[in-house]
Amino acid sequence: MAAYAFLIPLLPLLAASCIGGLHFFNRLHGVAGERISVRLAVAAIGLSAALAASLVGLELAGSAGGLQVYGNWLASGKLAIAFSLQAGGLNMALAALFGALLLVVARFSANYLHREPGFHRFFFILSLFAAAMLLLVLAGNAIFTFVGWEVAGVCSYLLIAYAYDRPVAAHNATRAFVTNRVGDGGFLLGIGLMLAWLETADWQSLNAGAADLDRGDATLLALSFAVAAFAKSAQIPFTPWLARAMEGPTPSSAIFYGGAMVHAGVFLAIQLRPLFEQAPAAMALLAAIGAMTAVYGYWVGLSQTDIKSSQIFAASVQLGLMFVECGCGWWTLAAWHLAAHAVVRCYLFLTAPSILHSTHGRPIAPVSATLADCRWAFVASLQRGWLEPAVDWLLVKPVLQLAKDARYIEERILDPLMGSPAPAIRAMSTLAQREEQKMGANLSSAEDRFAQGSGLAGKLAQWTAALLNWFEYHFILRGIGRDSIQVGRRLGRAANRFEHLLLRARYLALFVLITLMVALGYR
């Protein structure tokens with residue numbers, strides 16, 4: 001039965017394809033088609049959850065699942081990447097848990113989003129996310145885990161911007177999406193290092209070969225995947241994107257940021273346990289970042305006035321504690337913590353509307369006296385520690401300035417050197433171009449009539465006059481050679497400005513990073 005594990009992510013993908021295709025061809029629309037969308041999504045997710053639960057039961061009964069290989073996806077020389085799924089262990093247990101939570105959210109959404117304009121779009125994205133999340137936890141190699149990782153991120157973007165006509169929702173979705181792409185860079189770097197050092201992308205081969213890696217190589221590889229885990233699970237400095245994700249509907253908040261996707265980073269760290277155990281520095285970083293995130297989430301959560309923000313900062317605290325447990329080597333505790341928190345947080349998000357309805361008109365609990373008495377701490381908590389502006393100042397603005405400097409260098413230095421027309425000349429009007437052409441034609445005719453001579457002396461005089469005329473036209477009349485001293489001074493000032501740019505902190509940091517990458521690659 002373990003051979004049928006491929007159906008677990010495939011069934012929701014087929015449901016998403018059916019819903020999207022029928023809606024695209026206008027066969028499924030309006031209130032009349034809501035029941036079809038719900039049935040397709042619920043049936044597919046329910047069957048996937050039931051199959052995953054059955055495989056977990058068989059494993060508990062003594063039937064080993066193990067790694068199921070369904071064929072090669074890519075083969076090149078010694079490198080072979082297969083499409084494989086884990087049909088047992090923690091992977092299948094989390095697939096069963098996430099499948100059950102997805103089923104509950106799908107049933108809840110049928111009534112919660114009734115008559116919403118984006119009803120069919122929501123169930124299409126939910127089914128696609130179910131396929132991506134189940135593939136993420138079941139994939140036997142880093143390539144297909146990354147595929148699920150990315151598709152889940154795209155679904156997150158689409159549901160944060162569910163009300164895409166609202167600028168705030170679109171902006172928050174873009175912000176969350178771009179922040180997570182930083183973590184994707186770490187994931188891709190980890191995949192590249194796996195392929196370069198171990199010539200494999202399989203998780204089992206990586207964990208088995210981790211003991212053979214040098215301490216520095218194992219640390220760099222673990223840190224690459226740690227960055228990906230920090231971004232996906234909203235650890236410092238990536239925490240602010242999680243609060244922005246609350247723009248989506250409550251069911252999406254429940255399954256994305258309470259039940260499933262936000263735990264993907266913790267799952268990745270647990271799955272790479274043997275690798276992290278070979279890199280004590282990476283484990284120390286997991287514990288340090290997790291502890292800071294837990295303290296930050298608790299501190300900021302004390303001053304939140306809406307229920308979804310309170311829930312999301314409470315989730316940040318728990319996620320931080322999971323990373324602390326991973327960093328301390330308590331892997332089993334972290335896995336149980338992940339499963340329990342997914343259930344509890346998903347439930348709390350789904351009941352948030354009912355809680356608001358039940359407590360309507362009741363007095364709001366005051367802020368704790370300790371926080372209220374410390375004015376600066378209270379203001380900082382309200383401002384969420386100014387973490388997002390600080391990250392913008394440290395990371396976003398230097399990158400934008402770097403792009404601005406690159407554009408300046410291209411337009412002012414590279415284009416003139418390569419002979420490309422300057423922006424002012426490119427913007428020249430048609431009339432000015434015609435005038436220049438007329439002047440060139442007149443000068444050409446003057447050249448033809450000038451210094452007509454015969455004999456050797458006459459021809460030498462004619463060629464000399466033509467050469468001087470060419471020099472005058474190109475270097476004086478066209479202004480290229482005019483005031484050569486001033487041109488030299490301008491070039492000197494430009495060189496000085498370029499030197500000052502290179503001495504700025506962002507470029508020094510960039511050069512140090514390039515040097516380290518070259519050194520590591522050479523080693």
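Values below: every heavy atom of this structure, side chains too, minus hydrogens, waters and symmetry copies. Sequence positions, counted from 1, serve as the residue numbers for this chain.
Scanning all heavy atoms of the two residues, the minimum distance from D165 to P167 falls at O-CD, 3.5 Å. Shortest non-hydrogen contact noted between L135 and G148 is CD2-N, 4.1 Å. Closest approach of A169 and A163 over heavy atoms only: CB-O, 3.5 Å. Of all the heavy atoms in N72 and A82, the pair that sits closest is OD1-CB, 3.7 Å. Here the shortest heavy-atom pairing between A142 and M194 reads CB-SD, 4.1 Å. Taking each heavy atom of A5 and L55 in turn, the nearest pair found is CB-CD1, 4.2 Å.
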*asked:* D184 vs F146, test: side-chain contact (heavy atoms from CB on, under 4.5 Å). Steps then yes/no.
replied: CA-CA 8 Å; D184 294 347; F146 185 72; 4.2 Å; yes
*After noting the C-alpha distance and the side-chain angles of L136 and F267, does the key distance pass the side-chain contact (heavy atoms from CB on, under 4.5 Å) rule?*
CA-CA 10 Å; L136 189 156; F267 163 75; 3.9 Å; yes
*asked:* side-chain contact (heavy atoms from CB on, under 4.5 Å), that's the test. Do L28 and F123 meet it? Break it down for me.
replied: CA-CA 12 Å; L28 189 66; F123 276 90; over 6 Å; no
*asked:* What verdict does the side-chain contact (heavy atoms from CB on, under 4.5 Å) test give for N207 and R273, after you've listed the backbone C-alpha separation in whole Å, the side-chain angles of each residue and the deciding distance to 0.1 Å?
replied: CA-CA 8 Å; N207 290 329; R273 168 183 174 178; over 6 Å; no
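Side-chain contact between I255 and L126 is present, with at least one heavy-atom pair separated by less than 4.5 Å. Between H120 and F24, every side-chain heavy-atom pair lies at or beyond the 4.5 Å cut-off. Side-chain atoms of L272 and L206, non-hydrogen and from C-beta on, do get closer than 4.5 Å to each other. For the pair W203/Q271, a side-chain contact is recorded, criterion being any heavy-atom separation below 4.5 Å from C-beta on. Taking the side chain as every heavy atom from C-beta outward, L198 and S205 never approach each other to under 4.5 Å. Looking at S233 and F323, their side chains come closer than 4.5 Å, going by heavy atoms from C-beta outward. Side-chain atoms of K232 and F187, non-hydrogen and from C-beta on, never get closer than 4.5 Å to each other. When side chains are defined from C-beta on, P251 counts as touching F122, because their heavy atoms get closer than 4.5 Å.
The ring pair (Phe, Tyr, Trp, His ring centres under 6.0 Å) search around W73 returns F144, not counting sequence neighbours. Residues satisfying the ring pair (Phe, Tyr, Trp, His ring centres under 6.0 Å) criterion with F238, sequence neighbours excluded, are absent altogether.
Y257 places no side-chain N or O within donor-acceptor distance of the main-chain N or O of M246, the cut-off being under 3.5 Å. A donor-acceptor contact shorter than 3.5 Å is absent between the side chain of D214 and the backbone of G216. Panel note: side chain S156, backbone A152; no donor-acceptor pair is recorded below 3.5 Å. Although no hydrogens or angles enter the test, the distance criterion places a donor-acceptor pair under 3.5 Å between the side chain of W241 and the main chain of A231. S127 places no side-chain N or O within 3.5 Å of a backbone atom of P12 that could act as its donor or acceptor partner. Under the 3.5 Å distance criterion, the side-chain polar atoms of S84 are left unmatched by any main-chain donor or acceptor of V69. Between the side chain of E34 and the backbone N or O of R115 there is at least one donor-acceptor pair closer than 3.5 Å. N91 places a side-chain N or O within 3.5 Å of a backbone atom of V137 that can act as its donor or acceptor partner. With hydrogens and angles disregarded, a donor-acceptor distance shorter than 3.5 Å links the side chain of R181 to the backbone of F177.
Going from atom CZ of F124 over to atom CG of L22 covers 12.0 Å, rounded to the nearest 0.5 Å. Residue S37 holds its OG atom at 5.0 Å from CD1 of I19, rounded to the nearest 0.5 Å. Residue F313 holds its CZ atom at 11.5 Å from OG1 of T293, rounded to the nearest 0.5 Å. Between atom CG of residue L7 and atom CG of residue L134 there is a gap of 12.0 Å, rounded to the nearest 0.5 Å. Going from atom CG of L102 over to atom CD1 of I45 covers 5.5 Å, rounded to the nearest 0.5 Å. Of the inter-residue distances, the one linking R244 atom CZ with N172 atom CG reads 5.0 Å to the nearest 0.5 angstrom.
Counted within 6.0 Å of OH on Y298, heavy atoms from surrounding residues, nucleotides or ligands total 12 or fewer; the atom is thus considered open. When the shell of 6.0 Å around OH of Y347 is examined, it contains 12 or fewer heavy atoms from other residues, nucleotides or ligands. Other residues, nucleotides and ligands contribute at most 12 non-hydrogen atoms within 6.0 Å of the CZ atom of R39. For R175, the CZ atom counts as densely surrounded, since its 6.0 Å shell holds more than 12 non-hydrogen atoms of other residues, nucleotides or ligands.
S253 pairs in a side-chain hydrogen bond (donor to acceptor under 3.5 Å, both in side chains) with only one of the listed residues (Q311, R345, K308), which is K308.
Ring geometry for Y296 versus W299: interplanar angle over 60°, hence perpendicular rather than tilted (30 to 60°). Between F83 and Y70, the angle of the ring planes lies from 30° to 60°, which puts this pair in the tilted group.
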